[in-house]
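Notes follow once the structure below has been shown.
Just so it is clear, the structure is predicted and the values come from calculations on it, not from any experiment.
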Amino acid sequence: YSVLGSKDVPHAFLFTGPKGLGKTSTARIVAKVVNCEKVQNSKSKVKSSDRIEPCNKCDQCISITNGTNIDVLEIDGASNRGIDEIRDLREKVKLSPAGSKKKVYIIDEVHMLTTEAFNALLKTLEEPPSHVLFILCTTEPHKVPATILSRCFHIQFNKATSEELVCCPQNNGPIIGTEVNHGDHQ
């Protein structure tokens with residue numbers, strides 16, 4: 001949360017890691033954080049971690065959860081991988097958000113874009129409008145050009161260890177009825 005709590009939220013994130021770890025779901029949560037009416041109305045310049053949690057009750061949060069927010073666009077990089085689709089996106093980012101603070105573009109499987117499409121995306125990432133946030137998600141970061149990587153705040157998702165799965169997020173102790181096998185059979 002610390003990066004979202006700073007005054008200068010990056011204009012582009014790159015979420016990487018194995019399939020099924022919640023990269024796209026996290027992207028939706030980030031979209032909520034930057035657009036939540038409760039967080040948005042905070043008077044403090046630097047948000048504390050308890051004030052960057054989306055409320056999940058305002059119109060922005062509900063519409064993002066329901067997938068009906070027209071300012072949060074999810075794009076499948078595998079089926080929208082060509083230069084024409086990215087050129088179209090470049091034109092659309094110029095438009096201000098309809099009702100949100102930020103227009104959020106979530107590009108899933110971004111590694112599937114063609115070289116030409118990456119070059120077109122690069123132009124937008126170099127000089128992004130202030131009202132736009134890009135969240136690029138991929139299972140194969142080695143296929144994303146270095147020029148794109150260098151313009152994104154990279155967050156690596158890793159599989160949880162057995163110990164992490166058993167313990168509560170607040171370290172309140174193990175979940176009742178679970179057992180961790182450390183591999184040392186006695």
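- Within 6.0 Å of CD on Glu127 lie no more than 12 heavy atoms contributed by other residues, nucleotides or ligands.
- For the residue pair Ile86 and Leu121, the shortest heavy atom distance occurs at CG2-N, 3.4 Å.
- Scanning all heavy atoms of the two residues, the minimum distance from Thr16 to Gln156 falls at OG1-OE1, 2.8 Å.
- Side chains of Glu37 and Cys55 form no contact here, defined as non-hydrogen atoms less than 4.5 Å apart.
- You'll find the side chain of Val93 stays beyond 4.5 Å of the side chain of Lys103, heavy atoms only.
- Using a 4.5 Å cut-off between side-chain heavy atoms of Ile, Leu, Val, Met, Phe, Trp and Tyr, with links allowed through other members, Leu122 and Leu89 fall into the same hydrophobic cluster.
- Put simply, CD1 on Ile135 and SG on Cys152 are 10.5 Å apart, with the number rounded to the nearest 0.5 Å.
- Of the possible polar contacts, none joining the Asp88 side chain to the Asp84 backbone as a donor-acceptor pair under 3.5 Å is found.
- Two residues are said to be in side-chain contact when any heavy atoms from C-beta on lie closer than 4.5 Å; Leu133 and Phe13 meet this criterion.
- Shown here for Lys159 and Pro18, the closest heavy-atom pair between the two residues is CE-CB, 4.3 Å.
- A donor-acceptor distance shorter than 3.5 angstrom exists from the side chain of Glu85 to the backbone of Gly82, with no hydrogens or angles considered.
- Follow the hydrophobic side-chain contacts under 4.5 Å out from Leu14 and you reach Ile75 in the same cluster.
- Residues Val104 and Val30 have side chains not in contact (no heavy-atom distance under 4.5 Å, counting atoms from C-beta outward).
- The closest side-chain heavy-atom distance from Lys143 to Leu113 is not below 4.5 Å.
- The hydrophobic cluster containing Ile155 does not contain Val110, counting ILVMFWY residues as joined when their side-chain heavy atoms lie under 4.5 angstrom apart, directly or transitively.
- Here the CD1-SG distance, from Ile29 to Cys36, works out to 12.5 Å after rounding to the nearest 0.5 Å.
- Minimum heavy-atom separation, Phe157 to Gly22: CE2-O, 3.9 Å.
- The two atoms that bring Cys137 and Ile106 nearest to each other are SG-CG2, 4.3 Å, heavy atoms only.
- At least one donor-acceptor pair under 3.5 Å links the side chain of Gln60 to the backbone N or O of Gly99.
- Note: Leu136 CG to Leu125 CG = 6.5 Å, rounded to the nearest 0.5 Å.
- Using a distance-only test at 3.5 Å, with no hydrogens or angles considered, no donor-acceptor pair links the side chain of Asn69 to the main chain of Ser63.
- Val132 and Val33 fall into different hydrophobic clusters, defined by Ile, Leu, Val, Met, Phe, Trp and Tyr side-chain heavy atoms under 4.5 Å apart, directly or through other members.
- Interatomic distance, CD1 of Ile64 versus CG of Asn35, reported as 5.0 Å (0.5 Å rounding).
- Remark: Thr139 OG1 to Met112 CE distance equals 9.0 Å, nearest 0.5 Å.
- Taking the six-membered ring where the residue is Trp, Tyr105 and Phe134 present parallel rings, their angle staying beneath 30° rather than reaching 60°.
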Next item on the list: Please assess Phe118 against Val144 for the test side chain to side chain contact (heavy atoms under 4.5 Å, CB included), listing each intermediate value before the final yes or no.
Entry: CA-CA 8 Å; Phe118 272 125; Val144 178; 4.3 Å; yes
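- Note: Ile107 CD1 to Thr138 OG1 = 11.5 Å, rounded to the nearest 0.5 Å.
- Residues Ala120 and Arg90 share a closest heavy-atom pair of O-CD, 3.0 Å.
- Each salt bridge (charged side-chain N to carboxylate O under 4.0 Å, His left out) pair with one or both residues in residues 20-29, not counting sequence neighbours, appears once here: Arg28-Glu74.
- The backbone N or O of Glu53 lies less than 3.5 Å from no partner atom in the side chain of Lys32, so there is not a single donor-acceptor pair.
- Contact check for Val34 versus Lys101: no side-chain heavy atoms found under the 4.5 Å cut-off.
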